[in-house]
Structures are given as structure tokens and as C-alpha cells.
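Report on the structure given below.
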Number of protein chains: 2
Amino acid sequence: MKNTRQKITDAAIEIFNEDLSAPLEIVAEKAEVTRRTLHRYFTDRQDLVLACQFAMQESCKKAIDAVYTSYTDPLERFENMLYAAIDCGVKFSFLHRMHNNDRHQHTVKDENCKKYDVTFNKFKSTIEELQRKDLITKELSAEWIEMLSTGIVTAAINSEKSGNVAKINIKKFAWYSLSKGILV
Amino acid sequence: MKNTRQKITDAAIEIFNEDLSAPLEIVAEKAEVTRRTLHRYFTDRQDLVLACQFAMQESCKKAIDAVYTSYTDPLERFENMLYAAIDCGVKFSFLHRMHNNDRHQHTVKDENCKKYDVTFNKFKSTIEELQRKDLITKELSAEWIEMLSTGIVTAAINSEKSGNVAKINIKKFAWYSLSKGILV
DNA sequence: AAAAAATGTCACATATTTGAGAAAAAAGTC
DNA sequence: GACTTTTTTCTCAAATATGTGACATTTTTT
């Protein structure tokens with residue numbers, strides 16, 4: 001059962017993902033509470049945005065970490081990290097977008113960005129390991145593969161939302177495209 | 001040389017791409033004009049947003065159409081459509097996002113969406129042709145391949161913006177990943 | 001250099017968004 | 001059923017965003 005605080009951050013993540021300056025009224029509406037209640041949990045917009053970032057980070061970190069430690073085979077690990085990211089949904093893609101945009105949350109940075117880096121570096125290091133062991137092509141740079149991976153995650157999330165791709169197939173398709181697109 | 005109107009819509013596309021409800025002040029700033037001047041060209045926010053949509057549509061339509069009619073070989077055509085989309089930059093990805101989001105521009109729809117569909121259907125029909133002629137795998141649905149393509153375009157655009165991937169490589173990498181990711 | 005066009009500056013009226021207090025209503029808890 | 005906690009309702013003041021008029025200044029055209 002979700003508590004009110006969570007209901008609000010969840011709603012905010014959905015809304016802010018599509019419109020970062022949306023009125024808090026809209027967020028409250030989506031969370032099915034009054035704006036007044038929202039303000040009882042979050043003093044102001046900044047506070048709420050930070051809470052969203054924190055929630056997204058925790059969620060992604062948890063999911064990625066769990067996979068990272070469970071698989072020794074790097075390819076298998078990479079595959080399951082993809083699935084974990086897809087399961088995180090907008091939390092993953094929004095978080096990624098936030099940290100690669102120029103004009104936002106320059107106030108926070110440092111502490112918050114460090115956490116983000118730790119999580120996303122697990123992607124990077126896995127990619128590098130795969131390249132070192134000649135399991136994927138070296139024709140592509142690790143940076144590109146990282147971008148590609150998040151691009152495919154986003155495609156998967158959009159597919160799910162649009163409903164144009166059968167839900168059972170999404171992960172299968174995503175891994176098919178990603179693996180073939182980077183294998184030697 | 002860009003005229004003021006274009007400077008404003010270009011700035012607005014950049015800004016709105018990241019924050020659809022950003023104050024017009026921010027847009028004016030980016031366009032290097034006063035808010036007063038912005039309002040001389042666009043009566044209100046709605047007017048500006050519509051102008052952006054129009055500009056994005058024209059730009060994408062022009063680029064995609066040109067490629068579509070120049071290549072008879074579907075694979076070659078597909079490849080160059082990818083490059084054209086990447087060249088359109090945020091105009092492409094933002095437009096796509098706008099039309100696949102739930103909560104926006106429900107006012108315009110119809111007329112405006114029709115134009116969008118015409119352009120993006122050229123992607124779809126090319127994908128279907130490729131599948132019909134057994135040039136790409138049938139294990140993936142056409143809808144997924146469409147999503148994947150725009151996902152890779154977005155990855156390419158993000159790569160360019162971040163500067164982490166050498167500019168000369170971006171298109172090459174994008175096509176490498178996309179083609180391998182869908183070929184039989 | 002004069003005229004015309006475009007842009008900037010300043011001021012102002014509205015509209016919207018924001019944040020919070022006080023008391024009533026609803027939901028949980030024992 | 002009495003009690004506590006949470007949420008809603010209603011309120012209001014402050015802050016921010018929006019759109020426009022009047023006039024000065026700059027830039028472009030002729």
C-alpha cells in the first residue's frame with residue numbers, strides 16, 4: 001500500500017517527466033490529493049523535485065545493484081541490467097534525461113550527481129568489460145553503447161505506454177535489437 | 001541569416017523541448033530578444049507553441065520527403081532517412097514526443113496530426129517494405145522497429161549534445177547499431 | 001540624411017501559481 | 001465511542017507570469 005508521500009512523488013515523476021514546470025495543482029490532481037495536502041509534505045516545488053530525484057535514484061540504484069551483484073557473466077549481467085532499467089520505467093529515462101540536460105537542478109549537483117554516476121557507471125563498466133573480453137564489437141565506442149542502451153530503454157518504455165507493441169514482446173525485442181546491434 | 005521570427009521559434013523549440021511550461025522570458029532570453037519583441041511576433045504562448053510545431057513539421061517533412069523520393073532501394077532509403085532524422089535534431093525527437101504524449105496539444109490534433117502522420121508513415125512503410133522483401137528480420141514487429149529507430153535517433157542527438165561521442169562517428173554508429181539490430 | 005521598420009525600455013493591468021493558516025470533515029486507532 | 005491523525009475546504013497574501021500601450025532608441029532602407 002502506497003502512502004501519501006509516495007503517491008505524490010510518483011505522480012510528480014509522471015507529470016514532471018512530461019512537463020517540468022507543470023503547476024503543482026496538476027500533480028496534486030494526479031496524486032488524488034489536494035494541493036494543500038501536497039504542500040504539507042513538500043514545502044515547495046524545489047523540495048518536491050528533489051524528492052523525485054531521490055526516489056528515482058533509489059529505485060534505479062536498487063534495481064541495477066541487485067542485478068549487478070547477481071551475475072558474474074558480463075553479457076548475462078548486461079542483459080538483465082537492460083531488463084531492470086526497463087522495469088524502472090520513466091524513473092530511469094527521466095533521471096537520465098535530468099542529468100544530461102543543461103538547464104536544470106544546477107543547484108543540487110555534486111552530492112546528487114555522484115549517486116547518479118555510481119549507478120550509471122555500472123552500465124559503463126560492464127560495457128567496457130564486454131569490450132575487453134571481445135564479447136562485443138570494438139567498432140563502437142563505449143560511450144555510444146551507453147547512449148544506445150538508454151535509447152533502447154526509452155524505446156521500450158514508450159512502446160509500453162503507447163500500447164503498439166505487445167507487452168510480452170517488449171523486453172525480448174529490446175534485447176534482440178541491443179545485443180545484435182553491439183555484438184561482434 | 002535567420003530572421004527574428006525564426007530565432008524565436010528555434011529558441012522556443014530548444015527550451016520547450018526540455019520544459020514545455022518554461023516562462024516566455026526564458027525563451028526570449030535564449031533568442032536574444034526582449035519578451036516584448038517575442039510578443040510582437042506571437043500573440044500568446046499557444047501561438048508560439050503552434051508555430052514551433054509547424055516549424056518542426058515543415059523541417060522534418062522536407063528532410064524526410066527529399067530522401068524518400070531519392071532512393072528506390074529500401075535499405076538505402078531507410079539508412080538515409082535515419083541520417084535525415086538525426087540532422088533534424090531536437091526538431092525530430094521533440095515532434096515525435098509531442099505526438100506520443102497524452103496530455104498535450106489535444107486542441108490542435110486533426111489537421112496538425114495528419115501532417116505528422118504523413119511524414120512518419122514514410123518510416124513505417126519503408127520498414128514494412130523491408131520486411132516484405134525479407135531484407136530485415138520478421139522476428140520484430142514493425143511498430144517496435146519504428147520505436148527503435150526513433151530511440152536511436154534520440155541517442156544520436158543526445159550523443160552530439162553531450163559531446164561524449166566524436167561527431168564524425170555518430171551517424172556511422174547509429175546506422176551500425178540500427179542495421180545490425182534489425183537485419184535478418 | 002531622412003524616413004521607415006524593428007527593437008528596446010518602462011509601466012501597468014490581469015491572470016495564474018504558490019505557500020500557508022484555521023477550522024471542519026474524514027479516516028484510523030484504541 | 002472517544003481520541004488522534006490526516007485530509008479537505010476555504011481563505012488570503014505574496015510571488016510570478018502574461019499580454020499590451022506609449023514612447024525612446026537602434027537598425028535598415030531608400
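Source: prediction; values computed, not measured. Just so it is clear: chains get the letters A, B, ... in the order the sequence lines come, proteins before strands, and each one is counted from 1. Hydrogens, waters and symmetry mates play no part in the numbers below; they use all other heavy atoms, side chains included.
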Legend entry - Same cluster (ILVMFWY, side-chain, under 4.5 Å), Val90(A) and Phe54(A): no
Inset, instruction - Side chain of Asp44(B) only, please: which of dT18(C), dT8(D), dG19(D) is the nearest? - result: dG19(D)
Inset, instruction - Take Ser149(A) and Met81(A) through the side chain to side chain contact (heavy atoms under 4.5 Å, CB included) test and state the conclusion after the steps. - result: CA-CA 10 Å; Ser149(A) 306; Met81(A) 280 168 79; over 6 Å; no
Legend entry - Short N-O contact, Lys122(A) and Asp65(A), less than 4.0 angstrom: yes
Inset, instruction - Could you tell me whether Tyr41(B) contacts a base, only the sugar-phosphate backbone, or nothing, with contacts defined as non-hydrogen atoms closer than 4.0 Å? - result: sugar-phosphate
Inset, instruction - Would you kindly check whether a donor in the side chain of Arg40(A) faces an acceptor in the base of dG21(C), or vice versa, at under 3.5 angstrom? - result: no
Legend entry - Between C1' of dT8(D) and CG of Leu38(A), the distance in whole Å: 14 Å
Legend entry - Minimum-distance nucleotide to Leu24(A) side chain [options: dG19(C), dT18(D), dG8(C)]: dG19(C)
Inset, instruction - Look at the aromatic rings of Tyr83(A) and Trp175(A) and report parallel, tilted or perpendicular, splitting at 30° and 60°. - result: perpendicular
Inset, instruction - Decide yes or no, distance alone: a donor-acceptor N/O pair under 3.5 angstrom between the base of dG21(C) and the side-chain of Arg36(A). - result: yes
Inset, instruction - Let me know the distance between NZ of Lys7(B) and P of dT7(C), rounded to the nearest Å. - result: 8 Å
Inset, instruction - Mind calculating the distance between CD (Glu25(A)) and P (dA15(D)) to the nearest angstrom? - result: 21 Å
Inset, instruction - Examine dG8(C): is either OP1 or OP2 under 4.0 Å from a nitrogen or oxygen in the side chain of Thr34(B)? Give yes or no. - result: yes
Legend entry - salt bridge (charged side-chain N to carboxylate O under 4.0 Å, His left out) against Glu79(A), all qualifying residues, sequence neighbours excluded: none
Legend entry - Pair Glu18(A) + Lys161(A), salt bridge at N-O below 4.0 Å: yes
Inset, instruction - Round to a whole Å and report the spacing from CG of Leu48(A) to C1' of dT18(C). - result: 13 Å
Legend entry - Parallel, tilted or perpendicular: ring planes of Phe78(A) versus Phe123(A), cut at 30 and 60 degrees: perpendicular
Inset, instruction - Could you tell me the separation between the CG atom of Asn3(A) and the P atom of dG28(C), rounded to a whole number of Å? - result: 13 Å
Legend entry - Nucleotide dA17(D), atom C1' - distance to CG of Asp19(B) in whole Å: 13 Å
Inset, instruction - Specify the residue among Arg35(B) and Glu32(B) whose closest nucleotide of DNA chain C lies further upstream toward the 5′ end. - result: Glu32(B)
Legend entry - Between dT7(D) (P) and Phe42(A) (CZ): distance, integer Å: 11 Å
Inset, instruction - Please give the angle, rounded to 10 degrees, between the axes at the start and the end of the helix from dA1(C)-dT30(D) to dC30(C)-dG1(D), where five pairs define each axis. - result: 40°
Inset, instruction - Figure out the CD/P separation between Glu29(B) and dG8(C), and round it to whole Å. - result: 13 Å
